[in-house]
Amino acid sequence: MTAETINEAIYERYIRPTKRKKTESVGLEFEFPIINTKGNPVDFQAVHSVTDEFIKEFSFRSVLRDDDGYIYWAGSDENNDSLSYDCSYNTLEFSFGTESDIAVLQERFANYYRSIQKALQSHDHMITGMGINPGYGVNHNVPVVNERYRMLFHHLCSYENYGKEILFHDHPNFGLFSCASQVQLDVEEENLVEVLNTFTKLEPLKALLLANSIWAEDANEFLCSRDYFWRNSLHGLNRHNVDMYELSFESIEEIILYIRSMSLYCVQRDGRYINFSPMALTDYFTADSIEGDIFENGAYKRVKFQPEISDLEHLRSFKFEDLTFRGTVEFRSVCEQPVSEIMASGALHTGLMENLHSLTYTLENDHVIYHKGYNASELRRQFVMTDLPDIYDKKELSELLIKILDLASDGLKIRAKGEEKFLAPLYERAEQLMSPARQMKQALQSGESMQDYIYKYGECV
C-alpha cells in the first residue's frame with residue numbers, strides 16, 4: 001500500500017468532514033465514578049437494577065447487552081442521548097445528542113442525574129463528580145464482559161512484554177476507575193490548524209482550572225493523575241497517540257502526516273477483535289501480514305491477517321485535542337467536574353472556539369507562562385502538580401486565567417444564548433488558583449474526609 005493511498009484515506013476520514021460549514025452544536029460526555037456508600041465494592045447487581053429502572057423511566061429503547069445479558073449501553077431515539085458503562089460497571093457515562101444551547105443539555109442532564117442518583121442511593125450507592133473513583137481500592141475493577149472491553153484490557157495488560165521502553169505504571173486497569181468530562185465541537189478546515197495549535201497552548205491553564213483527579217497512592221501529588229495514567233500506559237508507547245502535540249502544525253498536510261505516525265493496535269475481522277503490538281500506520285499498511293491475538297473459546301490464540309485500508313476506522317487517538325471522523329475536535333483532557341458545575345468546561349471550550357482568533361493572539365503574546373524556557377507540554381506537567389513552581393507569579397497567573405475566561409464569555413455572548421452564566425464557577429477558581437482537586441487536597445489535609453467530598457462533588461443544582 002503506497003504512502004499516497006494512506007494519506008488519501010486519512011484525508012477522507014479526518015479532513016473531508018471539516019469542509020462543511022461549522023454549526024453551533026455542542027456535544028458533551030460525562031463519566032461518573034459509582035461508589036458504594038457503605039465502603040464495600042460496587043454491587044453490580046444493584047447497578048443493573050438501576051439501569052433497568054432508568055431506561056424504563058426515560059424510554060431509552062435501544063440497548064446493547066454484554067456477554068452475560070446485562071445492559072451496558074442504552075440510547076434514546078428521540079434525542080440521541082445515551083447512558084452507558086465506560087469500560088466497567090464502576091463508571092456510569094451520560095452522552096448527549098448535540099444541541100446548539102448548553103442550557104438545553106443542562107436541563108436534560110439534571111433530569112437524568114437526579115433520577116439515577118435517587119435510584120442508586122436506594123441501594124446505598126451514588127455517583128459523584130471526580131476524575132478518579134475514590135473506591136477504586138475496594139471495587140471489583142473488572143471490564144464489562146464484551147468483545148471490545150475484553151480486547152482493550154488484554155491489550156493494556158500486555159505492557160509487561162515491552163520491558164522499559166517507557167516508564168510504565170503498574171495500573172493497566174486505570175480505565176476502570178478514571179473519569180473524564182469531554183466536549184465535542186465542530187471545526188472547519190480553514191481553522192483546523194489554528195484550533196489544534198491554540199488549544200494545545202491552552203492546556204497548562206486548563207490544568208489550573210479543571211484538575212480533579214487525585215490519586216491516593218501518588219507520591220508526587222498529581223492533581224490530574226489522569227494525564228499520567230494515559231501517558232505511561234501502553235497507549236503511550238507511541239507518544240503520538242496520547243497527551244499533547246509537541247509541535248505547532250503549519251498545514252493540513254502536516255496534520256495528515258502526524259496522524260499517519262500514530263499507532264494502530266486492534267482491528268476487527270468478522271465482528272471479532274484482533275489485538276497486536278502497536279504499529280505506526282505507515283508500517284501497518286505496508287506490512288504483508290500481521291500476527292495478533294484473538295479471543296476464542298475462552299482463551300486467546302495467535303492468528304495472522306492482512307491489513308485493509310478500512311482498518312483506519314479502528315485507529316484510537318487519545319490526544320487532548322482529538323480530531324474525529326465527524327468533523328469535530330473532541331477535547332479529552334478534562335477530569336470529571338463537581339456535578340453542580342458540570343457545564344463549566346463545555347461552556348469554556350465553546351466560548352473559546354467562538355473567539356478563537358482572540359485566544360490565539362493572547363496565548364502567542366503571553367509572557368506569564370510562556371517564553372520562560374518551557375513548552376506547553378512541560379507547562380502542563382508542572383501545573384498538574386500540587387506545588388506551583390516559584391518562577392510563576394500567582395497574581396499574574398490569576399489575571400491571565402480571568403482574561404481567558406473573559407474571552408470565553410465574549411464568545412458565548414456572540415452565540416446569544418445566555419450560556420456565559422455557566423462560566424461563573426471558573427471565575428472563582430481563577431481568582432484563587434483553586435481547581436477542584438486543589439480544593440479537595442487542602443480540605444483533606446485540614447481534616448475533612450473523602451466522604452465529605454464525595455457528597456459535596458455529587459450535589460446537583
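Since the model is a prediction, treat every value here as computed from it, not as a measurement. When reading the values below, keep in mind they use all heavy atoms of this one structure, side chains included, and skip hydrogens, waters and symmetry mates.
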Checking side-chain polar atoms at under 3.5 Å, does [X] have a donor or acceptor matched by the opposite partner on [Y]?
X: Glu160; Y: Ser158; value: no
X: Thr91; Y: Glu31; value: no
X: Lys118; Y: Tyr113; value: no
X: Asp81; Y: Asn79; value: yes
X: Ser100; Y: Glu24; value: no
X: Gln45; Y: Tyr70; value: yes
X: His155; Y: Asn275; value: yes
X: Ser333; Y: Glu203; value: yes
X: Asp43; Y: His123; value: no
X: Asp452; Y: Ser449; value: yes

Which of these passes side-chain contact (heavy atoms from CB on, under 4.5 Å) with Phe199: Leu359, Val329, Leu185?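 For Phe199, the side-chain contact (heavy atoms from CB on, under 4.5 Å) check succeeds only for Leu359.
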For residues 35-42, dump all side-chain donor-acceptor pairs below 3.5 Å to protein atoms at least two apart in sequence or in another chain.
{"from": "Asn36", "atom 1": "OD1", "to": "Lys38", "atom 2": "N", "distance (Å)": "2.9"}
{"from": "Asn36", "atom 1": "ND2", "to": "Pro41", "atom 2": "O", "distance (Å)": "3.0"}
{"from": "Thr37", "atom 1": "OG1", "to": "Asp124", "atom 2": "O", "distance (Å)": "2.8"}

Short side-chain to backbone donor-acceptor contact, [X] and [Y], under 3.5 Å:
X: Arg61; Y: Asp77; result: no
X: Tyr427; Y: Leu405; result: yes
X: Asn90; Y: His140; result: yes
X: Ser76; Y: Glu78; result: yes
X: Asp186; Y: Thr23; result: yes
X: Asp66; Y: Ile71; result: no
X: Thr51; Y: Val47; result: yes
X: Asn355; Y: Leu407; result: yes
X: Thr386; Y: Glu221; result: yes
X: Ser181; Y: Phe30; result: no

Work out which heavy atom in [X] is nearest to a heavy atom in [Y]; give both atom names and the distance.
X: Val144; Y: Tyr85; answer: CG2-O, 4.1 Å
X: Arg108; Y: Gly97; answer: NH2-O, 3.5 Å
X: Phe422; Y: Ala347; answer: CB-CB, 3.7 Å
X: Glu354; Y: Gly411; answer: CG-O, 3.3 Å

Using a strict 4.0 Å threshold on nitrogen-to-oxygen distance, state whether [X] and [Y] make a salt bridge.
X: Arg269; Y: Asp311; answer: yes
X: Lys319; Y: Asp243; answer: no
X: Arg332; Y: Glu330; answer: yes
X: Glu188; Y: Arg20; answer: no
X: Lys301; Y: Glu296; answer: yes
X: Arg381; Y: Asp227; answer: no
X: Lys413; Y: Glu419; answer: no
X: Glu147; Y: Arg150; answer: yes
X: Arg16; Y: Glu189; answer: no
X: Asp101; Y: Arg415; answer: no

Cation-pi check for Phe295 against Arg272: NZ or CZ below 6.0 Å from the six-membered ring centre and within 45 degrees of the axis, yes or no? no
Does atom CD (Glu313) have a neighbourhood of more than 12 heavy atoms from anything else shown, all under 6.0 Å? yes
